[in-house]
Each structure stands twice: as C-alpha cells, then as structure tokens.
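Just so you know, ligand 1 is whichever comes first in the structure, and atom 1 is the first atom listed for that ligand.
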Amino acid sequence: MVAIGGKGQTPELVDGPGWSRPGLHVAAGRYPLSVERHVARMVDHLVPGVTTQTPHGRYYALHGLIAAQADGEDLTVPAAQTLLRRAEVALAAVSFAHHPQALDWLPRAHGVDALARRLHSGTVTMSEAEAPGKNGYVGNSWGFWAPYAGSEVALGILGAGPMPVPGPRLETAALRAGLGGLLELAAEDTLNVDDLAPFGDRLCVCVGGEHPDGAWLANLLCEPGAPAEAGSRSATRRQTIQLLARVVATHPVRYFTATSAMCSLSATS
Ligand SMILES: [Zn+2]
C-alpha cells in the first residue's frame with residue numbers, strides 16, 4: 001500500500017497497482033504506463049548508443065568479436081548465428097561459474113535462467129544448450145543480439161545489415177585480448193562448470209571493465225580525445241556521461257546500476 005498525492009494535497013492510499021494485471025504467472029513485460037518509448041527517446045537523445053533494455057556492457061564486445069570472426073572466416077549467416085549462440089552460452093556458463101549466486105549489482109548473464117538445470121548439474125552439452133527453442137538457452141536464432149543491434153550500429157561497432165559485420169570503430173585486437181578465450185570455450189562440445197571457474201576473472205560479464213574490451217568500449221562511448229563538436233551526438237553523449245560521473249563523485253553511490261538514476265534526479269532538482 002502506498003500514499004500518493006502532491007504537495008498540499010491529502011494523500012490517498014492505493015492498495016496495489018490497479019493499472020497492471022495482478023499475479024506472478026504473467027511472464028510478458030508490463031508497461032502499463034507506456035512511458036518506455038519516451039524514456040528510450042530521451043536515452044537516444046542524451047546517451048546515443050546506450051540501451052535501456054539490458055545492463056550488460058560486455059555483449060557489445062562479444063557481438064563485435066563475432067562480427068570480426070565471421071568476417072575473417074567468411075561465415076554464412078547460419079554459421080555466424082551458431083558461433084554467436086555458442087559464444088553466448090559459454091559467456092553464460094563462465095559467468096555462472098564465477099558467481100553461482102546472483103550479484104547484487106548486476107543481473108545474471110543472458111540465458112543463465114534457461115540453462116539453470118544444466119548449470120546446476122555441472123555439465124552443459126553445447127549442441128543442446130545453443131539450439132534455439134524451448135530446450136535451449138534462447139528462442140531466437142540470433143541469440144540475444146537483437147536488443148543490442150541498434151546500439152552497436154549507432155556506435156560504429158557493427159555495420160548495418162542482417163548479420164553482425166565489423167563497423168568503422170571495431171578494434172579486433174582489443175576484443176581478442178579481452179574476450180578471445182571465449183571463442184575457444186564456444187568450440188567445446190561440453191562445458192564442465194567446475195572447470196570454468198578459473199576463466200571467471202577474465203571472461204565473466206562482471207569483469208569487462210578491467211580488461212581491454214572494457215577500455216575500448218569506455219573510450220568509444222566517451223571519446224575523450226575527440227574534438228568537441230557542439231551539438232553532435234558524440235558530444236552530447238560525452239557531456240551526459242560527464243554529468244553522471246560528476247554525480248557519482250559527489251553523491252554516495254553503492255551500486256551504479258541501481259542508484260545513479262535517483263542521484264541524477266536529486267542532483268538536477
Ligand atoms: Zn563475475
């Protein structure tokens with residue numbers, strides 16, 4: 001039960017959100033207030049290339065790496081899809097091995113929930129796990145690429161097209177240095193969760209910021225050395241990130257993913 005009402009008004013008590021169907025069995029997203037389109041527009045205006053659909057930065061690098069690999073090996077679309085899905089399964093398995101209990105500050109890697117039974121059993125058979133459909137880690141042939149694709153093209157990581165192709169700002173060397181080991185795991189027939197623990201510090205979704213792919217992504221988003229063309233999308237993105245960094249420096253922020261939006265509001269009010 002919550003009290004609502006503006007300043008000077010008598011608060012009214014509301015029992016539960018009447019604008020959303022009750023029940024835990026509703027699996028689809030709930031957007032009863034229809035604000036998500038407006039939020040996405042603001043994000044596109046203020047931090048173009050950042051997505052509101054996922055908190056995971058490391059998939060930008062993973063999809064870039066897949067694009068580079070597919071381009072280098074001249075892969076067909078089905079072969080590129082399989083490589084991408086196998087790499088995402090490997091990322092999910094390594095991330096689960098790194099912390100079997102969910103972290104406070106970062107949701108699990110994509111597909112971990114769907115793979116939970118296999119991960120807890122200790123063995124993931126790649127050909128079963130990567131097959132799109134009811135029994136695999138994902139329903140889509142392109143794995144979890146879709147929520148990232150627009151942002152990856154906007155940032156120049158990928159070129160536009162029906163499959164991931166290298167964009168003008170892809171730096172294959174940084175991606176291989178950071179995430180290259182994942183392709184070797186993706187090529188395995190079977191992943192044993194216990195054997196994956198040593199890879200966690202290098203390949204987990206939670207450690208991208210400490211590795212070359214994270215430095216590349218940070219540089220790409222912030223462009224610290226670029227000329228400040230007033231009004232350009234990259235200048236706007238840099239200024240927004242500077243504002244957020246300033247907020248973090250001046251406000252107590254324990255988990256950036258959970259706290260920063262509230263801090264931004266209080267800092268600008
Ligand atoms: Zn981790």
Side-chain angles (χ1 to χ4, degrees), residues 50-66 69 83-126 129-130 136-138 143-148 151-152 155 157 171 173-188 190-222 241 244-245 248 253-261:
V50 171
T51 173
T52 57
Q53 296 186 50
T54 148
H56 289 299
R58 222 168 187 193
Y59 286 83
Y60 285 77
L62 177 62
H63 298 146
L65 181 62
I66 298 300
Q69 191 75 5
L83 178 65
L84 185 148
R85 292 196 307 271
R86 293 179 78 105
E88 287 189 343
V89 167
L91 184 55
V94 167
S95 299
F96 176 83
H98 198 220
H99 30 76
Q101 304 300 320
L103 295 169
D104 288 335
W105 59 276
L106 189 69
R108 287 187 176 287
H110 298 310
V112 166
D113 289 342
L115 294 173
R117 183 180 51 78
R118 294 185 174 94
L119 291 167
H120 283 287
S121 79
T123 306
V124 175
T125 303
M126 187 59 89
E130 67 88 10
Y137 84 106
V138 73
F144 286 88
W145 181 39
Y148 294 88
S151 297
E152 289 164 350
L155 289 170
I157 297 171
E171 287 180 30
L175 301 188
R176 285 198 195 289
L179 274 178
L182 207 59
L183 295 180
E184 287 156 37
L185 295 177
E188 297 281 345
T190 304
L191 298 176
N192 293 310
V193 175
D194 287 347
D195 297 343
L196 297 177
F199 294 94
D201 288 342
R202 211 152 37 91
L203 299 177
C204 181
V205 284
C206 79
V207 292
E210 301 162 25
H211 293 285
D213 56 303
W216 160 80
L217 183 62
N219 197 58
L220 195 148
L221 284 165
C222 302
I241 293 172
L244 291 171
V248 172
V253 175
R254 187 159 175 227
Y255 299 124
F256 190 80
T257 43
T259 322
S260 54

Gap separating the CG atom of Leu185 from the CE atom of Met126, nearest 0.5 angstrom: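 Here the interatomic distance stands at 7.5 Å.
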message: Please verify the inter-ring angle class for Tyr59 with His110; under 30° counts as parallel, over 60° as perpendicular, anything in between as tilted.
response: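 Geometry flag for His110 against Tyr59: tilted rings.
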field: Of the protein N/O/S atoms, how many lie under 2.8 Å from the Zn ion (ligand 1)
entry: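 Excluding waters, the total comes to 4.
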field: Side-chain donor or acceptor of Arg108 paired with backbone N/O of Pro100 under 3.5 Å
entry: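 Yes, Arg108 side chain to Pro100 backbone: donor-acceptor pair under 3.5 Å.
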- request: Would you sort out whether His120 and Phe96 count as a ring-ring contact (aromatic ring centres under 6.0 Å, His included), showing the intermediate values?
  value: CA-CA 9 Å; His120 283 287; Phe96 176 83; 5.1 Å; yes
query: Under 3.5 Å, is there a donor-acceptor pair between the Trp145 and Glu88 side chains?
result: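 No pair is found: no donor N or O on one side chain lies under 3.5 Å from an acceptor on the other.
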Run the side-chain donor-acceptor check on residues 198-211: report pairs under 3.5 Å with partners two or more places apart or on a different chain.
from: Asp201; atom 1: OD1; to: His98; atom 2: NE2; distance (Å): 3.0
from: His211; atom 1: NE2; to: Asp201; atom 2: O; distance (Å): 2.8

